[in-house]
Amino acid sequence: MAELIDGKRISKEIKDELKAEAEKFKAEGKEATLAVILVGDDPASAVYVNNKKKACEYIGIKSLSYELPKETTEEELLALIDKLNNDDSVNGILVQLPVPDHIDENKIIRSISPSKDVDGFHPLNVGALLIGEKGFVSCTPAGVIQLLKRSNVDIEGKECVVVGRSNIVGKPMGVLLLRENGTVTIAHSRTKDLKSICKRADILVVAVGKPKMINAEYVKEGAVVIDVGIHRMDNGKLCGDVDFDSVEPHVSKITPVPGGVGPMTIAMLMDNCISSLR
Ligand code: GUN
């Protein structure tokens, strides 16, 4: 039977470390402040934003909340970001995505000062990651690296296959695994013979956005499987991109959904917020 990689436990461990670090900074008169901007009334986004604010409270990060109506113009949003960019008391700025269709997401991402871009989405931070320089790293792939390290999974020299090539997860995930000296393949929807590529993997990270797409036919015996996907099924339960019941008997370690990668994203966001005090 596979060992479950417990993202809930590991994220709590990281948050507790950050809480202790925040207390130390506070004694030196330093406090992190995160500005969280939500435009519109998407219920899922509201839940995510609320969880981010709760995590800030737990750790001792001040959070400023901007909940703007869906009619907010691009100019208004850019003006708020400009104000926060120039406010020295604010360390981090996060605009919850997606933004409404009339707002250009790329323009918003580029408007956040790279030094306050705790999501790690700004092209300057993405570029810094690619060439191994300091910068904010996208939270979900950074969380996957922590899951692997804190579960004693050695990455160096391993065959790592990432399924999915999004700017937020797949691409930075590949770069992070490479930085840890993994041998990395990034597979995607046009990849030929995806099954045999995935079957090569010692470490398989799946971020395709298709419920239960990866079954036992895609995995090598004893592999480590990380499932980034999260979907609500018709019966109301959550599932990932990996067919857990099919894959679990064949692998050495696997993340559950929920309780795997999900909680790690917020923990790493908090780490990015505290890191601006370091
Ligand atoms: N929407 C879904 N995931 C994220 C995330 O990590 N950051 C932001 N800002 N929006 C998101």
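Atoms within a ligand are numbered from 1 in the order they appear, just like the ligands themselves. Numbers here are sequence positions counted from 1. None of these values were measured; they are calculated from a predicted model.
The distance criterion of under 3.5 Å between nitrogen or oxygen atoms is not met by Leu94 with respect to ligand 1. Polar contact check, Asp119 against ligand 1: a nitrogen or oxygen pair lies under 3.5 Å apart. An N or O contact shorter than 3.5 Å is missing between Phe121 and ligand 1 by distance.
The distance from the CZ atom of Arg190 to the CZ atom of Arg165 is 6.5 Å, given to the nearest 0.5 Å.
Among all protein heavy atoms, the one lying closest to atom 4 (C) of ligand 1 is Gln96 NE2, 4.1 Å. Ranking the protein heavy atoms by distance from atom 1 (N) of ligand 1 puts Leu97 O, 2.8 Å first.
Of all the atoms in ligand 1, the ones that sit under 4.0 Å from a non-hydrogen atom of Val95 are 8 (C), 9 (N).
By the 6.0 Å contact criterion, OH on Tyr66 is enclosed, its count of non-hydrogen atoms from other residues, nucleotides or ligands being greater than 12.
Partner of Val247 under the side-chain contact (heavy atoms from CB on, under 4.5 Å) criterion, chosen from Leu204, Val225, Asp227, Val206: Val225.
A salt bridge does not link Lys24 to Glu28: none of the charged side-chain nitrogens sits closer than 4.0 Å to a carboxylate oxygen. Salt-bridge check for Asp271 with Arg278: passed, with a basic side-chain N closer than 4.0 Å to an acidic carboxylate O.
For Lys52, the heavy-atom gap to ligand 1 drops under 4.0 angstrom. Within the 4.0 Å heavy-atom shell around ligand 1 one does not find Tyr48.
Within the 3.5 Å criterion, the main-chain N or O of Ala2 finds a donor-acceptor partner in the side chain of Glu248.
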